[in-house]
Amino acid sequence: MTQRKILVTSALPYANGAIHLGHLVEYIQTDIWVRFQKQRGHECYYVCADDAHGTPIMLKADRDGITPEELIAEVGKSHFADFCDFGIAFDNYHSTHSDENKTLSSLVYTRLREAGHISSRTITQAFDPVKNMFLPDRFIKGECPKCGAKDQYGDGCEVCGANYSPTDLKNAVSAVSGATPIEKESEHYFFDLADFTEMLREWTSAGHLQSEVRNKLAEWLEGGLQQWDISRDAPYFGFEIPDAPNKYFYVWLDAPIGYMASFQNLCDKTDLKFDDFWAKNSDVELYHFIGKDIIYFHALFWPAMLSGADFRTPDAIFAHGFLTVNGEKMSKSRGTFITARTYLDHLNPEYLRYYFAAKLSNTIDDIDLNFDDFSHRVNSDLVGKVVNIASRCSGFIRKKFDNKLSETCVEPALFAEFIAVNGAIAECYEHREFGKAMREIMELADKANQYIDHKKPWAIAKEEGKDAELHDVCSVAINLFRILAAYLKPVLPILTTEAELFLNSPITTWIDELQPLVNHTLNDFKPLMTRVEADKIAAIIEASKETLLKA
RNA sequence: GGCGAUGUAGCUCAGUUGGUUAGAGCGUGGGAUUCAUAACCCCAAGGUCGGUGGUUCGACCCCACCCAUCGCCA
């Protein structure tokens, strides 16, 4: 197999709040994919960063009585800890508020400007006369001009679904100070996206996108691309625009460049070369995993920016759906707005990794975390099926054969059958059909349990002179278990590490290279995973409700 | 409001480029078993494939409209 060079990113989490289970769909999905590529022997790097700029962060720091820098340092630390504890193995985790990102953002901008893709004009915007700042739509509240609902945001009504501009709101007030906003003029800088209409028309239909995403973008392209407002006035927490005092890059300008910046930061710590990955002629594969809500930024603005600034464009954007809990949007009052940390306080992170894997596909469909289903699925598949194979046979090997496997594998056909599906399962992982991969793997687990049931080692053990047969059967089962562990390694790195310890043999390759362990000494078996306990789930929901009260 | 997507057994999901009896896992019921973390093995019951029309010899799969859910509207 030819070794591929791959650079992968997940979307940058915003540095104004904790990581929650919705975020984790994406990081777990990406991490599984990256671990799979690495296990196959490819050269694959996974970078990410905190998205640290913008008005919400500036205002939150203000409210908390700290500087934005202090806020993002604190939040960045907790994000990273959450990811680590869920087994997300970034090759680098950085911040968009970094020297690398400042340099690269300026570089991208000046290249776009030199190529004639930046223009400026004066626009009128809502302004808070007390706070002395321009107000983003989300920071203006008032009554919906259509249905009269109170307390609606400046961009749209959550009650009747109407869309409008903030100036349409009745009795509008600044959500920051409570003052009545006034209108004020300011010069803004724009990225002329329309210059890239042909480039994007081609790019979006060249196989870089899922079909649902492509459909959605076709609408945008047909409607005609507009200029993208990329500047914000001071006060703003971000990077000042070159040659434009008191003008700052809009957070969404420097956020995707944060992918490059994080990678640059990795290059500085290793002997990787930035240009090999980002130069126009790069042959490295580049993939961005994102949620379906930020498709526009990644499938329109981002390729256009890269292309206009003379960098390479992504090979694909992989969009996923949202997470619902028990069939509904996550809700703070129902206790289903669950942070990563609250989950970790009560449950094994690998339960969630497996459950998400079992439900993920390459579509943008939402996935549902149904807690009853979650418990049944994890208990049945992982504890009842997979781990059980080792559990039910290891006792015989230890007690009767001093933890040593038999000298030959007596079921080469069965072993080969387990190995033979590796191509199909690899295809599933490669195409992000993780749910399908899990189904295939569980089918093998069923087969292994059926084999044991058919051979009945507990009955053989009671017969005189049949020790060799008992030894052979149990050794086969342990070898089948090892194959299953290898298949599950991208999803369950912690469980697999413990399985490797039990097997006294690391799994370092893809399944096609596995040979049966023969005449090989195991370590004592310890329970590799315990069942999901119902009271822990109740505790998580309770704790999530408490978080709300504190907030 | 416009647009994109989703809606299949109690639950979570497969699937069909339109063609005789619609699949899996879990849950449930029954049986078997005791090696294993009340795990495993065998069998069974369960669905008018969101609704209404249409195209077709024939639609769960195509078309139109409607309803519900999710997302986007720079």
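Within every chain, numbering begins at 1; the chains are lettered A, B, ... in the order of the sequence lines, protein sequences first and strands thereafter. Below, all heavy atoms of this structure are taken into account, side chains as well, without hydrogens, waters or symmetry copies.
- The separation between A:N449 atom CG and B:U37 atom C1' is 13 Å, rounded to whole Å.
- Pairs of residues two or more places apart, or lying in two chains, that qualify as ring pair (Phe, Tyr, Trp, His ring centres under 6.0 Å) and include a residue from residues 197-224 of chain A are A:W203-A:H208, A:W220-A:Y296.
- A:E328 and A:T336 are not linked by any side-chain donor-acceptor pair at a separation below 3.5 angstrom, with hydrogens and angles left out of the test.
- For the pair A:N362 CG and B:C13 P, the interatomic distance rounds to 15 Å; values are reported in whole Å.
- No contact: A:G395 has no heavy atom under 4.0 Å from any strand.
- Of the P atoms belonging to B:C40 and B:U48, the separation is 30 Å, rounded to the nearest Å.
- For the P atoms, the distance linking B:U12 with B:U17 amounts to 26 Å, nearest Å.
- Using a 4.0 Å heavy-atom distance criterion, A:M529 is classed as a base contact.
- Using a 4.0 Å cut-off, some side-chain N or O of A:K462 falls inside it from OP1 or OP2 of B:C35.
- Legend: residues meeting salt bridge (Lys or Arg N to Asp or Glu O under 4.0 Å) with A:D446, ordered by chain and number and at least two apart, are A:K385.
- Checking A:S119 against A:D192 by side-chain atom types alone, a donor-acceptor pair falls below 3.5 Å.
- Within the 4.0 angstrom heavy-atom criterion, base atoms lie near A:V387.
- Considering A:V378, A:L21, A:V25 as possible partners of A:L352, the one that fulfils the side chain to side chain contact (heavy atoms under 4.5 Å, CB included) test is A:L21.
- A:K456 comes within 4.0 angstrom of no nucleic acid atom, judged by non-hydrogen atoms across all strands.
- Among B:C72, B:C40, B:C11, the nucleotide with an atom closest to any side-chain atom of A:W220 is B:C72.
- Using atom C1' as the reference point in both B:C65 and B:U28, the two lie 39 Å apart (nearest Å).
- Distance CG (A:D368) to C1' (B:A5): 17 Å, rounded to an integer number of Å.
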Identify every side-chain donor-acceptor pair in residues 453-465 of chain A under 3.5 Å, counting partners at least two apart or on other chains, and give the distances.
| from | atom 1 | to | atom 2 | distance (Å) |
| --- | --- | --- | --- | --- |
| A:K456 | NZ | A:D453 | O | 2.7 |
| A:E463 | OE1 | A:K466 | NZ | 3.3 |

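- A:Y355 and A:K359 share a side-chain donor-acceptor pair at under 3.5 Å.
- Projected onto RNA chain B by closest heavy-atom contact, A:K329 and A:F297 fall at different nucleotides, the more 5' of which corresponds to A:K329.
- Within the structure, every side-chain polar atom (N or O) of A:R439 is placed at least 4.0 Å from both OP1 and OP2 of B:A14.
- The glycosidic torsion of B:G46 lies within 90° of 0, placing the base in the syn range.
- When the C1' atom of B:C35 is taken as reference, atom CZ of A:R398 falls 12 Å away, rounded to whole Å.
- For the pair A:I367 CD1 and B:C13 C1', the interatomic distance rounds to 12 Å; values are reported in whole Å.
- Dashed line: the shortest gap from a side-chain N or O of A:Q450 to OP1 or OP2 of B:C42 is under 4.0 Å.
- One interatomic measurement links the two molecules: CD1 of A:I364 to P of B:U6, which rounds to 8 Å at whole-angstrom precision.
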Secondary structure string for RNA chain B (Watson-Crick or G-U under 3.5 angstrom, | for other-strand pairs): (((((((..((((.....[...)))).((((.........)))).....(((((..]....)))))))))))).

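- Between A:K447 and A:E417 there is a salt bridge, since a side-chain N of the basic residue sits under 4.0 Å from a carboxylate O of the acidic one.
- For A:L528, counting side-chain heavy atoms from C-beta on, the closest listed nucleotide (B:U37, B:A5, B:G71) is B:U37.
- The distance from atom CZ of A:F525 to atom P of B:U37 is 8 Å, rounded to the nearest whole Å.
- Of the candidate nucleotides B:A74, B:A5, B:C72, B:A74 has the atom lying nearest to any side-chain atom of A:W228.
- Distances were taken from every side-chain heavy atom of A:R531 (C-beta onward) to each of B:U37, B:G71, B:A5; the shortest belongs to B:U37.
- Rounding to whole angstrom units, NE2 of residue A:H471 and P of B:C35 are separated by 19 Å.
- Between the side chains of A:T122 and A:E185, no donor-acceptor pair is found at a separation under 3.5 Å.
- Looking at A:T96 and A:N101, their side chains never bring a donor and an acceptor atom within 3.5 Å of each other.
- Closest to the A:P527 side chain, of the nucleotides B:A5, B:U37, B:C70, is B:U37.
- In the set B:U12, B:A74, B:A36, the nucleotide with an atom closest to the side chain of A:Y355 is B:U12.
- Note that CZ of A:F86 is 12.5 Å distant from NE2 of A:H23, once rounded to the nearest 0.5 Å.
- Each of A:Y296 and A:E433 was assigned the nucleotide of RNA chain B with the nearest heavy atom; the assignment lying further toward the 5' end belongs to A:E433.
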Close N/O contacts between protein and nucleotides 25-33 of chain B (under 3.5 Å):
| from | atom 1 | to | atom 2 | distance (Å) |
| --- | --- | --- | --- | --- |
| B:C26 | O2' | A:H376 | ND1 | 3.4 |

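- The shortest distance between the side-chain N/O atoms of A:K216 and the OP1/OP2 oxygens of B:C72 is not below 4.0 Å.
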Please table the atom pairs, donor to acceptor, closer than 3.5 Å between any side-chain atom in residues 472-494 of chain A and protein atoms at least two apart or in another chain.
| from | atom 1 | to | atom 2 | distance (Å) |
| --- | --- | --- | --- | --- |
| A:D472 | OD1 | A:S406 | OG | 3.2 |
| A:S475 | OG | A:S406 | N | 2.9 |
| A:S475 | OG | A:S406 | OG | 3.2 |
| A:S475 | OG | A:H471 | O | 2.7 |
| A:N479 | OD1 | A:L517 | N | 2.7 |
| A:N479 | ND2 | A:S475 | O | 3.2 |
| A:N479 | ND2 | A:L517 | O | 3.0 |
| A:R482 | NH1 | A:Q515 | O | 3.1 |
| A:Y487 | OH | A:F418 | O | 2.8 |
| A:Y487 | OH | A:N422 | N | 3.1 |
| A:K489 | NZ | A:E500 | OE2 | 2.9 |
| A:K489 | NZ | A:I507 | O | 2.6 |

